[in-house]
Amino acid sequence: MEIMDGKVTSFGTFFLPGPTEVRQEVLAAMLKPMIPHRSVEFEELFASLQQGLREVFLTRRPVYIAAASGTGMMEAAIRALPAGPILSLVNGAFSERFAHIAEMCGREVDRYEVPWGEVHPLDRVEDSLSKKRYRAVTATHSETSTGALSDVRAISDLAHSHDTLCMIDSVSGLAGAELRFDDWKLDYVLTGSQKSFALPSGLAFGVASDELVELARKAEHRGVYFDIVEMDRYAKQNQTPATPAFSLMYALEVQLGFIRREGIENRWARHSEMLKATSSWLDESSRRLGIEWENIVRPESRSPTVSTIRLPSSIPGREFVKKVKAHGIQVATGYGKLGDTTFRIGHMGDHDVSTLQNCFAACEQAIRD
Ligand code: PMP
């Protein structure tokens with residue numbers, strides 16, 4: 001238990017699928033003073049962040065650090081693409097957002113939609129790619145609105161076999177679900193700070209292949225703030241194009257130290273264990289409580305970072321979340337159209353199977369109430 005501003009806080013009460021709970025040591029790092037951003041001191045900080053971030057993305061490429069949320073780096077993905085139609089794989093709210101951003105940036109977009117909770121069958125993705133020549137596919141690794149995990153490596157390989165780029169949103173995946181940028185020969189991956197990285201919200205990260213950056217030079221209307229060509233140029237000099245979010249970077253530096261000590265593969269394994277514990281708990285508590293509740297995603301496509309759980313029809317989702325809160329635990333309502341019938345547990349970041357027990361106990365108590 002820790003005391004902050006006279007209030008007792010304890011880690012293990014906040015289970016949103018982003019933002020997730022942030023360690024006190026990471027929050028405390030943000031109290032450090034500002035430094036000049038065009039300075040050796042900043043370049044040293046940036047270089048050390050690069051080293052840590054590369055160990056998370058598993059890449060030798062520069063990792064762009066934007067003072068933005070994940071949506072900003074989604075827009076950067078679209079703006080980097082030279083002319084040509086885009087195929088958006090849509091299976092929830094955030095994959096739909098990717099398609100929407102592309103449209104709002106003036107692109108021709110075809111959506112291949114499957115029902116929320118499902119992933120796209122790869123043979124059908126192949127069919128879509130065969131029917132038309134696309135410049136790029138957009139894909140969402142961990143669809144946070146449902147908890148479905150897509151095989152982005154296979155999707156990227158399929159795209160490449162059609163000479164198409166693949167732009168991957170891994171906002172709730174990266175640092176919790178396996179992703180290997182270099183080995184999987186990916187083109188572009190973006191994420192945000194507030195999910196499996198377990199940092200405060202406000203930073204977004206992106207990595208682009210060398211080939212994508214070269215192609216992006218030919219893209220028109222790349223804008224300024226989300227132009228990966230500029231981000232790439234500055235990152236190679238350990239700089240950011242605009243004033244960086246120093247305080248968040250100090251937090252990142254400390255958290256990257258924790259991530260390095262854990263090891264990225266161990267971090268993925270811990271997230272898989274949390275998913276397994278959540279699925280087992282749902283089975284066991286169904287019997288104990290005499291109710292039916294289950295993850296809406298089939299076992300083979302579940303994200304290790306977030307579970308969306310269908311409630312018995314007699315229990316409204318938003319009421320349930322309030323009742324859980326009354327027991328000191330924050331879980332999330334279902335997203336959008338799933339709000340009335342489901343709730344979500346974010347088992348991501350620095351949570352583990354033991355902190356999850358608090359969450360399970362409060363959910364069971366809410367049902368008993
Ligand atoms: N994509 C996914 C998969 C997300 O979960 C989110 C945030 N919930 C976003 C994109 C958008 O990120 P942000 O809210 O950080 O802009």
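One-based numbering, in listed order, for ligands and for the atoms of each.
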In terms of atom number and element, which parts of ligand 1 are under 4.0 angstrom from non-hydrogen atoms of Gly70?
->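 Listed by number with element, the hits are 12 (O), 13 (P), 15 (O), 16 (O).
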Please tell me if the side chains of Thr140 and Glu143 come closer than 4.5 Å, counting only heavy atoms from C-beta onward.
-> yes
Take the angle between the ring planes of [X] and [Y] and call it parallel below 30°, perpendicular above 60°, tilted in between.
| X | Y | answer |
| --- | --- | --- |
| Phe343 | Phe320 | tilted |
| Phe246 | Phe42 | perpendicular |
| His120 | Tyr112 | perpendicular |

Could you verify whether a donor N or O on one side chain and an acceptor N or O on the other, from [X] and [Y], lie under 3.5 Å apart?
| X | Y | value |
| --- | --- | --- |
| His162 | Glu126 | yes |
| Arg344 | Ser307 | no |
| His160 | Asp187 | yes |
| Trp116 | Thr308 | no |

One residue to check: [X]. Relative to ligand 1, which of side chain, backbone, both or neither has a non-hydrogen atom less than 4.0 Å away?
| X | answer |
| --- | --- |
| Thr71 | both |
| Met74 | side chain |
| Arg97 | side chain |

Answer yes or no for [X]: is there a heavy-atom contact with ligand 1 below 4.0 Å?
| X | result |
| --- | --- |
| Gly192 | no |
| Ser142 | yes |
| Gln194 | yes |

Any N/O pair Ser69/ligand 1 closer than 3.5 Å = yes
For [atom], what's the nearest protein heavy-atom neighbour? Residue, atom name and distance, please.
| atom | value |
| --- | --- |
| atom 9 (C) of ligand 1 | Phe94 CD2, 3.5 Å |
| atom 3 (C) of ligand 1 | Thr144 OG1, 3.2 Å |
| atom 7 (C) of ligand 1 | Lys195 NZ, 3.3 Å |

Taking the minimum heavy-atom distance to atom 2 (C) of ligand 1, which of Leu190, Asp169, Thr305, Thr191 ranks first?
->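 Minimum heavy-atom distance to atom 2 (C) of ligand 1 goes to Asp169.
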